[in-house]
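Report on the following structure.
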Amino acid sequence: MTKTKKIAILPGDGIGKEVVAEGVRVLETLREVRGYPLELVHFDLGADRYLRDGITFPDDARGVMEHECDAILLGALGDPRVPSNVHARDILFGLRFGLDLYCNVRPVICLHDRLMPLKGRTSKDCNFVVFRENTEGIYVSIGGHFKKGTPDEIAINEDINTRKGVERICRAAFDYAVAHGRRRMHVVDKSNAMAQAHELWKRCFFEIAREYPQIESRHQFVDAFCMNVVRDPSQFDVVVTCNLFGDIITDLGAALQGGLGMAASMNARPHGVALFEPVHGSAPDIAGKGLANPLATVLTIGMMMTRLGFTGEEQRLTEIVRASIEAGICTRDVGGTAGTREVGEFVCARIRG
Ligand code: NAD
Ligand code: IPM
Ligand code: MN
């Protein structure tokens, strides 16, 4: 019998709570209908907890996630009542950096022609996967202020790029391409301006590319990528890039998928617990109104099912998401009139068959 898979549930803030509530229903339905041995462990972490007792990301919670869980489902973090964003950084980076989840895998796949915003293109033209480096770059928070609050103020954030870090994300992207029958790989950087840090990226990428002669390896500067991905997304298959550019280009990518409500992600390393989250944030502008699109979370759970070894489930969930768009039983951001709950119900009903 398959060992029970323990999944940590962190709804977080804003619409994170609403989409994860539907995600939990989806997981419970999968457990019931398919008999998957899933155990859900709920964590009260986020802005409410921080405002209540000053706690952001306690060691015991982290320990349970690292040593006892197989997967973590996170909604989103960020709340206007916490302008410093300290709880969000502690939790999100505590997981990504603390668990060394160096691969942030973000598929940019448009599932339905109706969602394709580009004139003269169909959904078939947008099907690539971004490998975002997830433990280095400008995100490491090495830096400081000098003369803060004075007219001579200096603020510094260092951009850290290590050979080890660049090499392992490039290798992961190439291995993924080989395993999934993807034929072309792009490294996206700014090596023309960042003559040291991104020279390392470009050099390291093409060195590793030699080990994968079956993959066509190419380079694009990030500014050109932004132009080209809008002009013709079909030229991209797998893209590997640094932490900051990966963040930015996957919001751009989300727009090609039908919006942030459709973009899924996994944060992982080869072994151990992995973190799954929709690409979007806590969306304070629509929070608490039942307007949030839960389909990114459903697709994210699909990625989780693959990671946990429940093969075929990701494809089935993807088809259900496509059917929700096709039937118009979806939220207004993707052209429907349904509420978050109703979309969740549609997904669960389809799982039941
Ligand atoms: P956002 O992704 O929360 O929202 C951007 C826009 O997209 C908003 O108009 C929002 O209504 C819309 N949107 C996002 N997700 C949607 C969904 N599922 N359904 C329908 N519409 C959706 O980005 P933001 O407004 O820049 O950030 C809000 C907060 O979220 C900030 O505190 C930010 O730091 C945080 N954030 C957290 C994460 C995360 O936890 N992984 C990711 C991104 C942003
Ligand atoms: C994301 C988010 C985060 C990031 C923020 C909330 C720090 O935008 O997951 O895409 O920049 O990584
Ligand atoms: Mn982002």
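A quick note: this is a predicted structure, and the numbers were derived from the prediction, not measured. Counting starts at 1 for both ligands and their atoms, following the listed order. These numbers come from the heavy atoms of this one structure, side chains and all, not from hydrogens, waters or symmetry mates.
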Numbering the atoms of ligand 2 from 1, which are under 4.0 Å from a heavy atom of F93?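 Listed by number with element, the hits are 7 (C).
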
Give a yes-or-no answer on whether the side chains of N134 and Y139 include a donor-acceptor pair shorter than 3.5 Å.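 Side chains of N134 and Y139: no pair found under 3.5 Å.
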
Scan side-chain atoms only and decide if Q220 and N228 contain a donor-acceptor pair under the 3.5 Å cut-off.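 Note: Q220 and N228 side chains meet the donor-acceptor criterion.
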
Between [X] and [Y] (side chain of the first, backbone of the second, donor and acceptor by atom type, cut-off under 3.5 Å), is there such a pair?
| X | Y | value |
| --- | --- | --- |
| R31 | L38 | yes |
| R322 | L111 | yes |
| T250 | G253 | no |
| E277 | L73 | no |

Pick out the protein N or O atoms lying less than 3.5 Å from any N or O of ligand 1, and list each pair with its distance.
residue  : atom   : partner : partner atom : Å
ligand 1 : 2 (O)  : G281    : N            : 2.7
ligand 1 : 3 (O)  : G281    : N            : 3.4
ligand 1 : 3 (O)  : S282    : N            : 3.3
ligand 1 : 3 (O)  : A283    : N            : 2.8
ligand 1 : 9 (O)  : D285    : OD2          : 2.7
ligand 1 : 11 (O) : D285    : OD1          : 2.8
ligand 1 : 11 (O) : D285    : OD2          : 3.0
ligand 1 : 18 (N) : H280    : NE2          : 3.3
ligand 1 : 18 (N) : N293    : O            : 3.1
ligand 1 : 19 (N) : N293    : N            : 2.9
ligand 1 : 30 (O) : S282    : N            : 3.0
ligand 1 : 30 (O) : S282    : OG           : 3.2
ligand 1 : 40 (O) : L77     : N            : 2.9
ligand 1 : 41 (N) : E277    : OE1          : 3.0

I'd like the name of whichever of [options] reaches closest to [atom] through any heavy atom.
| atom | options | value |
| --- | --- | --- |
| atom 9 (O) of ligand 2 | H280, R96, E277 | R96 |
| atom 5 (C) of ligand 2 | L92, D251, I248, V279 | L92 |
| atom 10 (O) of ligand 2 | N134, T250, D247 | D247 |

Can you tell which part of R106 has a heavy atom less than 4.0 Å from ligand 2: side chain, backbone, both or neither?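 Only the side chain of R106 comes within reach of ligand 2.
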
Please confirm whether F225 and F236 have ring centers closer than 6.0 angstrom.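 Yes, the ring of F225 comes within the 6.0 Å limit of the ring of F236, centre to centre.
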
Decide if the gap between the ring center of H198 and the ring center of F205 is smaller than 6.0 angstrom.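 No; F205 has its ring centre 6.0 Å or more from that of H198.
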
Report the protein N/O/S neighbours of the Mn ion (ligand 3) that fall below 2.8 Å; do not count waters.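 Protein N/O/S atoms under 2.8 Å of the Mn ion (ligand 3): D247 OD1.
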
Closest approach of L260 and A296, non-hydrogen atoms and distance?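 Nearest pair, atom of L260 first, then A296: O-CB, 3.9 Å.
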
On the six-membered ring of Y102, is R168 placed so that its NZ or CZ lies under 6.0 angstrom from the centre and within 45° of the ring axis?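 Output yes; distance and angle both within limits.
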
Return the residue, atom name and 0.1 Å-rounded distance of the protein heavy atom closest to atom 11 (O) of ligand 2.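 Atom 11 (O) of ligand 2 sits closest to the protein heavy atom Y139 OH, 2.5 Å.
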
Rounded distance [0.5 Å steps], SG in C330 versus CG in N293: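 C330 atom SG to N293 atom CG measures 7.5 Å (nearest 0.5 Å).
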
